[in-house]
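These numbers were taken from a predicted model, which means no experiment stands behind them. We use all heavy atoms of the structure for the numbers below, so side chains are in, but hydrogens, waters and symmetry mates are not. Along the sequence shown, residues carry numbers from 1.
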Amino acid sequence: MEFRWEIKSKADQETVQSLSSEINVNPTLANLLVNRGVVDFQEAKDFFRPDLDKIHSPFLMKDMDKAVNRMVEAVNNEEKILVYGDYDVDGTTAVALFYGFLKEFYPYVDFYIPDRYQEGYGVSERGVRFAAENDFKLIVSLDCGIKAIEKVALANSLGIDFIICDHHTPGEELPPALAVLDPKRVDCEYPYKELSGCGVGFKLIQAFTERTGKNASHLFGLLDLVAVSIAADIVPISGENRILAHYGLERLNNNPRPGLMALILAGKGQRSLKELQENRQLLHREMLQLKSDKDIEISDIVFRIGPRINASGRLEHAKASVELLNSKDIHDALERAELVEDVNAARKNFDENITKEAIQMIEDREQIKPYKSTVLYKEDWHKGVIGIVASRCIEQYYRPTIILTESNNKATGSARSVFDFNIYEAISECSDLLEQFGGHKYAAGLTMELDNVPAFQEKFEEVVSRRISDIHTKPVLEVDDELELDQINYKFYNILRQMAPFGPGNPEPLFCANQVYAQNIKVLKDKHLKFEIVQDGQVTTPVCIAFGFATYYEMLRSKMRFNIAFEVRENTFRNTSSLQLYVKDIKFD
């Protein structure tokens with residue numbers, strides 16, 4: 001796929017020079033920081049040294065007082081509390097966090113996650129009636145509920161109070177809940193707006209702990225779950241999220257809860273979970289090695305841990321993921337993780353087969369007419385993987401994509417977007433054809449009558465065609481700065497490394513070098529390339545690893561000049577470490 005490079009403008013040079021002097025870094029690194037909003041010594045200190053004491057008071061959030069007072073009242077009166085959450089990673093980590101916290105000291109609590117296929121997304125009537133039939137007096141919803149006006153009204157009529165903890169954009173009308181905690185409320189003055197759903201749940205626990213005088217030190221033990229939610233839900237890793245993610249990763253690398261340890265071991269793939277269960281010595285050695293390596297990053301959560309947690313909710317029931325995350329010992333966790341692994345393997349199979357079908361449908365359609373959007377429907381596609389399939393389709397056909405299937409006699413779907421195109425707003429323009437929808441700029445979910453699918457396909461294409469511009473038609477590489485090769489050394493890299501955790505809002509720095517040529521070129525596994533690059537006037541000739549670039553072999557071998565976009569990484573092999581450039585794209589003149 002051809003990329004469009006977008007090289008960031010240089011930051012204000014006076015500010016860059018001032019910061020460079022204040023924190024003793026070269027102008028290139030200072031420019032990188034200023035472009036990310038770090039403009040003086042104090043901001044640099046806060047950025048490089050995240051401090052848990054600097055997270056915001058939870059009582060700055062609208063309705064937090066009401067929510068905490070009701071929680072305290074419920075606990076004092078021994079009322080039954082139902083923790084209700086979504087079935088994705090953010091929802092299940094939120095439920096595991098909140099339910100696990102309460103269960104440590106309060107017996108009258110249970111959790112409920114809707115069945116993806118029978119109940120669909122969000123607060124369901126079945127869930128509310130389950131609460132009433134089992135004498136729950138308080139429901140705390142996590143990562144859902146902000147648009148559940150009718151369901152909350154039903155709960156009220158059945159004598160159940162509702163506390164909503166959500167982070168999605170509210171509609172014009174809020175549900176009639178006792179408390180609605182959502183930093184995106186227009187009347188909420190909470191300083192940071194981008195918390196995950198799990199993060200909002202964490203703020204309620206923080207407030208409850210402060211109000212009741214409980215020891216707050218245990219809050220750190222919850223941050224591994226918060227970090228997983230931040231990474232998997234693709235919320236910005238900036239501001240308060242940066243602090244929570246930093247300490248959550250510290251927890252993941254040093255002392256993760258047993259459920260996450262089991263998933264980390266599964267993601268490493270070096271030993272089967274069965275083998276680890278049967279050989280305690282081997283298990284102990286593997287666990288020590290993980291803690292010694294301390295190399296779990298946001299990307300590991302996104303690609304290894306998150307999909308495994310998601311698998312249960314996609315194909316079966318997310319209850320299994322919550323039970324895994326709240327496992328008390330590693331042996332129980334390994335047993336539960338093995339079941340999740342089996343489900344994840346099945347998920348991959350569905351994903352691959354449905355993606356093939358979807359790509360074929362797009363290719364068949366392209367022969368008739370080129371489109372600006374993709375909206376596909378097939379009644380027997382597995383509802384649990386259609387979001388993944390939408391992302392796969394974008395990898396090949398770069399355009400806003402919605403994949404729909406049939407569920408409970410409705411068409412239900414997942415939407416994914418391309419760089420800087422707000423798919424939620426585009427779907428909103430088609431709301432007259434929908435029963436419900438919700439989501440973000442880059443991802444959304446929607447439900448409609450089956451008969452409305454053709455009209456929706458037509459209207460969505462019209463909306464996208466009107467809104468989309470040329471800058472949305474190619475994937476973008478946002479390049480932070482141009483480097484000369486002699487700038488790439490360990491002093492430079494060590495400062496880059498301290499800018500982690502990386503993710504939305506703080507992406508891993510991407511650089512380019514211009515007018516280089518390659519030498520010592522090797523093809524790896526028939527797909528990849530390893531080579532050195534040379535630049536006139538520069539002594540440094542760094543090694544590059546280019547995954548999937550084997551087709552460039554002959555052009556590189558011809559000594560043609562090219563521009564290269566890359567990330568700077570450290571590679572360790574046989575106890576020897578060196579810097580390598582991880583190639584993202586190559587452009588020939």
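- A donor-acceptor pair under 3.5 Å is absent between the side-chain atoms of Ser431 and the main chain of Ile427, judged by distance alone.
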Please walk me through it: do Glu104 and His218 pass side-chain contact (heavy atoms from CB on, under 4.5 Å)? CA-CA 11 Å; Glu104 287 294 321; His218 72 283; over 6 Å; no
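- Crowding of Gln42 atom CD: a count of heavy atoms from other residues, nucleotides or ligands under 6.0 Å exceeding 12.
- At distances below 3.5 Å, not a single donor-acceptor pair connects side-chain atoms of Arg70 with backbone N or O atoms of Phe162.
- Under a 3.5 Å cut-off, the side chain of Asn241 and the backbone N or O of Glu194 do form a donor-acceptor pair.
- Not one N or O on the side chain of Arg336 forms a donor-acceptor pair closer than 3.5 Å with the backbone of Val322.
- To the nearest 0.5 Å, the span separating OG1 on Thr92 from CD on Glu323 amounts to 12.0 Å.
- Relative to the ring axis of Phe136, Lys80 places its NZ or CZ within 45° and under 6.0 Å from the centre.
- Under the 3.5 Å distance criterion, the side-chain polar atoms of Asn506 are matched with a main-chain donor or acceptor of Met499.
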Does the salt bridge (charged side-chain N to carboxylate O under 4.0 Å, His left out) test come out yes or no for Glu189 and Lys62, once each step is laid out? CA-CA 7 Å; Glu189 296 181 358; Lys62 183 77 172 178; over 6 Å; no
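- Taking the six-membered ring for Trp and thresholds of 30 and 60 degrees, Tyr190 and His56 have ring planes more than 60 degrees apart, a perpendicular arrangement.
- Counting non-hydrogen atoms of neighbouring residues, nucleotides and ligands closer than 6.0 angstrom, the NE2 atom of His284 reaches no more than 12 such neighbours.
- The existence of a salt bridge linking Lys151 and Glu125 is excluded, since no basic side-chain nitrogen approaches an acidic carboxylate oxygen closer than 4.0 Å.
- Across every non-hydrogen atom of Leu446 and Ser414, the tightest pair is CD2-N, 4.3 Å.
- Here the closest non-hydrogen pair linking Ala262 and Ala337 is CB-CB, 3.7 Å.
- The neighbour count for Leu174 CG, taken as heavy atoms of other residues, nucleotides or ligands under 6.0 Å away, is above 12.
- A distance-only check finds no donor-acceptor pair linking the side chain of Asp110 to the backbone of Leu82 [under 3.5 Å].
- No donor-acceptor pair closer than 3.5 Å links the side chain of Tyr84 to the backbone N or O of Pro114.
- Shown here is Gln498, whose CD atom has more than 12 heavy atoms of other residues, nucleotides or ligands within 6.0 Å.
- With contacts defined as side-chain heavy-atom distances shorter than 4.5 Å, the pair Ile113/Lys319 does not qualify.
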Check against side-chain contact (heavy atoms from CB on, under 4.5 Å), Ile205 and Phe98: CA-CA 7 Å; Ile205 290 175; Phe98 206 89; 3.7 Å; yes
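- A 4.5 Å side-chain heavy-atom check between Glu341 and Lys274 finds every atom pair outside the cut-off.
- The CG atom of Leu178 sits 8.5 Å away from the CG atom of Asn156 when rounded to the nearest 0.5 Å.
- Contact between Ile423 and Ala415 at its shortest, heavy atoms only, is CD1-CB, 3.7 Å.
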Applying side chain to side chain donor-acceptor pair (under 3.5 Å) to Ser196 and Ser229, what does each step give before you reach the verdict? CA-CA 6 Å; Ser196 64; Ser229 76; 2.9 Å; yes
Is there a side chain to side chain donor-acceptor pair (under 3.5 Å) between Asn69 and Glu73 once you walk through the steps? CA-CA 6 Å; Asn69 290 341; Glu73 179 186 343; over 6 Å; no
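- Rounded to the nearest 0.5 Å, atoms OG1 (Thr93) and CD1 (Ile309) are 7.0 Å apart.
- Lys184 has its side chain out of reach of Asp166: every pair of non-hydrogen atoms, C-beta onward, lies at least 4.5 Å apart.
- Between the side chain of Arg185 and the backbone N or O of Val180, at least one donor-acceptor pair lies under 3.5 Å.
- In this structure, the side chains of Leu496 and Leu32 come closer than 4.5 Å at one or more pairs of heavy atoms.
- Between Lys268 and Asp295, at least one side-chain nitrogen of the basic residue sits less than 4.0 Å from a carboxylate oxygen of the acidic one, meeting the salt-bridge criterion.
- The shortest distance between side-chain heavy atoms of Leu265 and Leu283 falls below 4.5 Å.
- In this structure, Lys54 places its NZ atom where more than 12 heavy-atom neighbours from other residues, nucleotides or ligands lie under 6.0 Å away.
- Counted within 6.0 Å of CZ on Arg497, heavy atoms from surrounding residues, nucleotides or ligands total more than 12; the atom is thus considered enclosed.
- A salt bridge links Asp65 to Arg211: at least one charged side-chain nitrogen sits closer than 4.0 Å to a carboxylate oxygen.
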Worked check of side-chain contact (heavy atoms from CB on, under 4.5 Å) between Thr405 and Thr412: CA-CA 6 Å; Thr405 189; Thr412 186; 4.2 Å; yes
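- In this structure, CD on Glu275 lies 11.5 Å from CG on Leu334, to the nearest 0.5 angstrom.
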What's the verdict on side-chain contact (heavy atoms from CB on, under 4.5 Å) for Thr355 and Val385, showing C-alpha distance, side-chain angles and the deciding distance? CA-CA 9 Å; Thr355 298; Val385 299; over 6 Å; no
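- A donor-acceptor pair under 3.5 Å is formed between the side chain of Tyr442 and the backbone N or O of Asp420.
- Checked by atom type and distance alone, the side chain of Asp182 never pairs as donor or acceptor with a backbone atom of Ile146 at under 3.5 Å.
- Between Arg129 and Glu133 there is no salt bridge, since no side-chain N of the basic residue sits under 4.0 Å from a carboxylate O of the acidic one.
- Residues Leu204 and Met61 form no side-chain contact, since every pair of their non-hydrogen atoms from C-beta on lies 4.5 Å or further apart.
- The number of heavy atoms from other shown groups lying within 6.0 Å of CD (Glu150) does not exceed 12.
- Contact check for Tyr192 versus Ser238: side-chain heavy atoms found under the 4.5 Å cut-off.
- Of all heavy-atom pairs spanning Pro501 and Ile237, the tightest one is O-CG2, 3.7 Å.
- For the pair His168/Asp143, a side-chain contact is recorded, criterion being any heavy-atom separation below 4.5 Å from C-beta on.
- Cation-pi geometry between Lys214 and Phe105 is met: the NZ or CZ atom falls under 6.0 Å from the ring centre, inside 45° of the normal.
- Asp351 CG to Ile388 CD1: the interatomic distance, rounded to the nearest 0.5 Å, is 5.0 Å.
- With rounding to the nearest 0.5 angstrom, the CZ atom of Phe437 is 4.5 Å from the NZ atom of Lys147.
- The number of heavy-atom neighbours closer than 6.0 Å to NZ of Lys410, taken from other residues, nucleotides and ligands shown, is above 12.
- Ring geometry for Phe220 versus Tyr247: interplanar angle over 60°, hence perpendicular rather than tilted (30 to 60°).
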